[in-house]
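Note that the coordinates shown come from a computational prediction; the quantities given were computed from them, not determined experimentally.
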Number of protein chains: 2
Amino acid sequence: MAKRVSHRDSICGVARPLDAIGDWWSLLIVRDAFDGLRRFGEFQKSLGLAKNILSARLRNLLAHGIMETVPAADGSPYQEYVLTEKGRGLFPLLVALRQWGEDFFFEPDEAHVLLVDRKSGLPVRRLELRAQDGRVVGAGDTMVRLPQTSPENGIA
Amino acid sequence: MAKRVSHRDSICGVARPLDAIGDWWSLLIVRDAFDGLRRFGEFQKSLGLAKNILSARLRNLLAHGIMETVPAADGSPYQEYVLTEKGRGLFPLLVALRQWGEDFFFEPDEAHVLLVDRKSGLPVRRLELRAQDGRVVGAGDTMVRLPQTSPENGIA
DNA sequence: TCGAGCGGTTTTAAATTGAAACCACCCTGT
DNA sequence: ACAGGGTGGTTTCAATTTAAAACCGCTCGA
């Protein structure tokens, strides 16, 4: 469960969150939670994974503060799993993943779900990274700056 | 290697790309590739993973068209691994992951790398999802529309 | 009080991971 | 020619993780 990462990775800002999510199942659970699923059985039916795995993944998400349990909500004596603010912070990541999937994993004419703005019903725009002045920047237009040392290339 | 996902997932637009990436190591390899790393040994030294694992992950990334091998580049008789356009399409996802990490995985005063605009040297803006009319939309402002059926809630 | 649904845990086999050893190829020096 | 080192892997094997299935306990309604 606790995958050890190198020091370089622990400061890098990418490996640490990856470690918290755990594995892909966790991300699919989070996606379903955004969909409004809350109950153990709902996740299990939606994802089709074994109950012990789901149990372990939920426990991990709870331990990392990505989800939390709330007592009842609709009378039943069971608890429900809901996203915390930290968990809701994963929304852009899921959108990025979805848009990447739309770009490269579906044939142009292949049917797939579409993320639309609830108010207008129109598809949302593409995620774009912008600099402070509003320019859209790509990977090559960015670099990472290390904490106190001199700048260095890449997006590390 | 080939994790089976349900039909619901195969159309969902999230599970399919997840399956292609494979696991977290692959995403760290892609991150390093954005950093300019190209050689087997560079990846291995940077990530500190076993050579057989790196070999398997690179093979998987090649198989999914996320990276490709190019013959030489600098005289050496070896091949190099570079991102394809599909692989470069993962940039927003990595940025989303990084920004989430910055938000929730570092103490306010804790040193961490910063993604900056290369031209201005200033930090990049936050990724924002916008509707066609330019409004910033969050998870609750969106829904998914299935291919030919009636609309349905959630971000599925 | 019986049974069913829900939410797990335990058990067990199978698959995956990862460390280390091994190997092949090319280049360099002598 | 050939010894040695760097690079890029594959193979081997033990240990961990995964996953399916059985089991368990609780609550509720009949």
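- Residue B:R59 places none of its side-chain N or O atoms closer than 4.0 Å to OP1 or OP2 of D:dG9.
- With C:dG7, D:dA20, C:dA19 as the choices, the nucleotide that has an atom nearest any side-chain atom of A:N52 turns out to be D:dA20.
- Look at CG on B:L58: it is 14 Å from C1' on D:dT10, rounded to the nearest Å.
- Applying the 6.0 Å contact sphere to CD of A:E85 captures no more than 12 heavy atoms from other residues, nucleotides or ligands.
- A pairwise comparison of heavy atoms in A:A96 and B:A96 identifies CB-CB, 4.5 Å as the closest pair.
- At a threshold of 4.5 Å between non-hydrogen side-chain atoms, the residues A:L129 and A:T142 count as touching.
- Distance A:K45 NZ to C:dG5 P: 14 Å, rounded to the nearest Å.
- The CD atom of A:E80 sits 13 Å away from the P atom of C:dC6 (whole-angstrom rounding).
- We find that CD1 of A:I29 is positioned 14 Å from P of C:dG7, with the value rounded to whole Å.
- The base of C:dG5 sits within donor-acceptor range of the side chain of A:Y78, with an N or O pair under 3.5 Å.
- Across the protein-nucleic acid pair, B:Q44 atom CD and C:dA20 atom C1' stand 12 Å apart, rounded to whole Å.
- Of the candidates C:dT17, C:dC27, D:dT18, the closest approach to any side-chain atom of B:D23 belongs to C:dT17.
- A:T84 places a side-chain N or O within 3.5 Å of a backbone atom of A:I66 that can act as its donor or acceptor partner.
- Remark: P of D:dA20 and CG of A:L49 are 9 Å apart, rounded to the nearest angstrom.
- Nearer to the 5' terminus of DNA chain D, by closest-nucleotide assignment, is the contact made by B:K51 (compared with the other of A:A50 and B:K51).
- Atom-to-atom, CZ of A:R57 to C1' of C:dG8 comes out at 15 Å; the value is rounded to the nearest Å.
- Within the nucleic acid shown, B:Y81 comes within 4.0 Å of sugar-phosphate atoms alone, with no base atom in reach, counting heavy atoms only.
- Between A:S55 and the phosphate of C:dT9, there is a side-chain N or O to OP1/OP2 separation shorter than 4.0 Å.
- Out of C:dG8, D:dA19, D:dG9, the shortest distance to the side chain of A:I53 is found at D:dA19.
- For the pair A:L54 CG and C:dT10 C1', the computed distance is 16 Å after rounding to whole Å.
- Considering only side-chain N and O atoms, A:Q79 lies nowhere under 4.0 angstrom from the phosphate OP1 or OP2 of C:dC6.
- The pair B:K119-B:D117 does not meet the salt-bridge criterion, since no charged nitrogen lies less than 4.0 angstrom from a carboxylate oxygen.
- Distances shorter than 4.0 Å separate none of the side-chain N or O atoms of B:W25 from OP1 or OP2 on C:dT17.
- With C:dG18, C:dG7, D:dG8 as the candidates, the nucleotide lying closest to the side chain of B:R39 is D:dG8.
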